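All remarks here apply to the structure that follows.
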Amino acid sequence: MYEKQLKLKCEELEKEIKLINESLLFITHELKTPLSIIEFIIQMIEVNCKDELSDKMGKYLYKIRQNTYRQRRLVNNIMDYNRINPDQYQLYLTRVDIVQLSRLIVESINVYAERKSIEMTFDSTISNLYLLIDIYLYERVLLNLLSNAIKYTPEGKSVDVRIFRQESKGCHNVCIQVKDSGIGIPNDKKELIFERFGQADRFPNRCAEGSGIGLYLVKVLVSIMDGEINVESKVGIGSTFSLILPAIDTDLNMPIMDTKAMEVVKEQFIAAADIEFSDIYYAT
Ligand code: ADP
């Protein structure tokens with residue numbers, strides 16, 4: 001009897017969650033069109049009226065643009081959160097040097113670290129390692145870890161990215177680590193932050209905003225890549241997020257992504273970073 005009631009309750013709850021998700025998706029879709037129009041108008045003003053803008057107007061425009069990026073980030077995250085089904089996701093694999101790719105991503109976000117006077121370092125114990133990887137997923141994951149690292153690290157401190165090989169249970173892996181010297185995460189919140197809308201502190205001493213969807217998406221995307229994500233952290237000292245991916249280069253006939261194609265990809269990273277880092281407030 002009790003089991004039957006419990007089953008009914010679960011089904012009811014599932015229906016409710018589905019309805020909430022559908023409503024959220026509907027609202028997000030409705031937000032997308034006006035947002036695209038505002039973004040287009042900002043671009044037009046920047047291109048066509050650049051010389052006519054006073055410093056004050058330029059600052060206002062910057063604020064408008066920054067806030068549209070924040071909305072775009074939320075819209076993208078909610079859409080991905082509803083759209084990405086790990087069982088059905090179609091990976092778009094490219095054969096690429098993971099060290100070079102990671103370095104490009106880190107280079108494209110250096111400007112945000114500099115704005116907070118954060119020293120950003122990149123270090124790899126391997127000179128190159130070719131993997132079959134979905135660049136879009138990898139970029140989403142690494143950008144999220146990097147933006148969090150910069151978001152939660154005070155001015156003047158450092159963020160270090162390290163890449164090294166890791167053998168585990170007879171498997172060859174590569175580990176990409178993002179280590180910050182920020183506020184840290186309490187032990188009892190280390191699992192919560194990977195949950196939907198999970199935040200270690202809902203009202204922190206805000207130098208940034210957030211919705212708590214980012215790391216949930218990271219966890220989903222990493223599982224699609226057959227990888228693992230974990231965190232070690234000490235409050236007041238900092239956090240280290242480790243992304244572990246299988247280091248298997250199965251399709252040796254597939255052409256390697258060349259430097260020219262990488263440069264094109266770098267332009268995309270820069271555009272994606274503008275959106276990913278829009279939650280952080282800078283002193284200047
Ligand atoms: P958001 O940063 O947008 O709130 P995330 O899902 O990316 O969402 O992160 C969830 C929560 O995890 C954050 O709200 C924060 O409390 C905590 N967190 C994530 N990364 C870090 C970090 N590097 N240092 C300290 N806390 C972090």
Side-chain angles (χ1 to χ4, degrees), residues 24 28 66-84 86 102 105-106 109 112-113 115-116 118-122 137-162 175-224 227-244 272-282:
L24 202 59
T28 309
Q66 204 58 15
N67 280 283
T68 55
Y69 283 155
R70 284 190 54 206
Q71 282 184 352
R72 168 68 57 193
R73 180 176 186 257
L74 187 65
V75 163
N76 288 352
N77 276 349
I78 292 177
M79 294 203 20
D80 280 352
Y81 153 86
N82 278 280
R83 184 176 60 102
I84 294 178
S102 310
I105 296 176
V106 172
I109 63 100
Y112 300 98
R115 278 192 210 166
K116 263 185 101 175
I118 288 175
E119 195 197 348
M120 185 98 219
T121 67
F122 181 88
L137 294 196
Y138 184 69
E139 173 214 314
R140 287 291 306 261
V141 169
L142 193 54
L143 276 184
N144 184 280
L145 297 181
L146 290 168
S147 74
N148 276 341
I150 290 179
K151 193 192 281 189
Y152 297 106
T153 295
E155 295 204 356
K157 300 260 179 147
S158 60
V159 171
D160 307 305
V161 179
R162 280 182 64 218
C175 180
I176 302 98
Q177 258 182 6
V178 179
K179 180 172 186 260
D180 66 51
S181 40
I183 58 173
I185 301 158
N187 262 335
D188 62 338
K189 299 281 164 51
K190 282 184 193 155
E191 281 182 23
L192 173 85
I193 59 168
F194 290 101
E195 299 293 323
R196 282 177 254 208
F197 307 108
Q199 292 182 310
D201 181 356
R202 277 200 180 272
F203 308 100
N205 186 9
R206 284 287 185 196
C207 52
E209 297 287 340
S211 57
I213 308 181
L215 282 179
Y216 168 74
L217 268 177
V218 162
K219 197 175 76 175
V220 172
L221 301 184
V222 171
S223 80
I224 295 174
E228 247 180 65
I229 178 95
N230 58 56
V231 61
E232 281 173 33
S233 186
K234 273 208 171 108
V235 173
I237 306 282
S239 310
T240 303
F241 283 82
S242 300
L243 167 63
I244 300 150
D274 277 343
I275 294 174
E276 188 58 51
F277 282 72
S278 59
D279 270 355
I280 307 174
Y281 299 144
Y282 305 97

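If you're wondering where the values come from, they're calculated on a predicted model, not measured in any experiment. Counting starts at 1 for both ligands and their atoms, in listed order.
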Is it the side chain (CB and beyond), the backbone, both or neither of [X] that lies under 4.0 Å from ligand 1, heavy atoms counted?
| X | result |
| --- | --- |
| Thr153 | neither |
| Asp180 | side chain |
| Lys189 | neither |
| Leu215 | both |

Below 4.5 Å, heavy atoms only, C-beta onward: do Ile150 and Arg115 meet side chain to side chain?
-> no
Applying side-chain contact (heavy atoms from CB on, under 4.5 Å) between Asn77 and each of Ile213, Thr28, Asn82, Asn144, report the one that passes.
-> Ile213
Partner of Phe241 under side-chain contact (heavy atoms from CB on, under 4.5 Å), chosen from Ile176, Ile185, Asn230 = Ile185
How are the rings of Tyr112 and Phe277 set to each other: parallel, tilted or perpendicular (split at 30° and 60°)?
->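 Judged by the thresholds at 30° and 60°, the geometry between Tyr112 and Phe277 is parallel.
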N/O donor-acceptor pair under 3.5 Å between Asp180 side chain and Val159 backbone = no
Lys179 side chain vs Gly238 backbone, donor-acceptor pair below 3.5 Å = no
State the atoms of ligand 1, each with its element, that fall below the 4.0 Å cut-off from a heavy-atom position in [X].
| X | value |
| --- | --- |
| Asn144 | 7 (O) |
| Ser239 | 24 (N) |
| Gly184 | 25 (C) |

Can you find an N/O atom of [X] closer than 3.5 Å to an N/O atom of ligand 1?
| X | result |
| --- | --- |
| Gly212 | yes |
| Lys151 | yes |
| Phe241 | no |
| Tyr216 | no |
| Ile185 | no |

Heavy-atom gap Gly182 to ligand 1 smaller than 4.0 Å |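 No, that is not the case, since the closest heavy atom of the residue is not under 4.0 Å from the ligand.
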Strictly by modelled atom types, are Gln177 and Ser242 linked by a side-chain donor-acceptor pair under 3.5 Å?
->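 Short answer, yes.
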Tell me, with the steps shown, if Ser158 and Thr121 meet side-chain contact (heavy atoms from CB on, under 4.5 Å).
-> CA-CA 8 Å; Ser158 60; Thr121 67; over 6 Å; no
Starting at CD of Glu119, measure out to OG1 of Thr153 and round the result to the nearest 0.5 Å.
->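 It is 12.5 Å, given to the nearest 0.5 Å.
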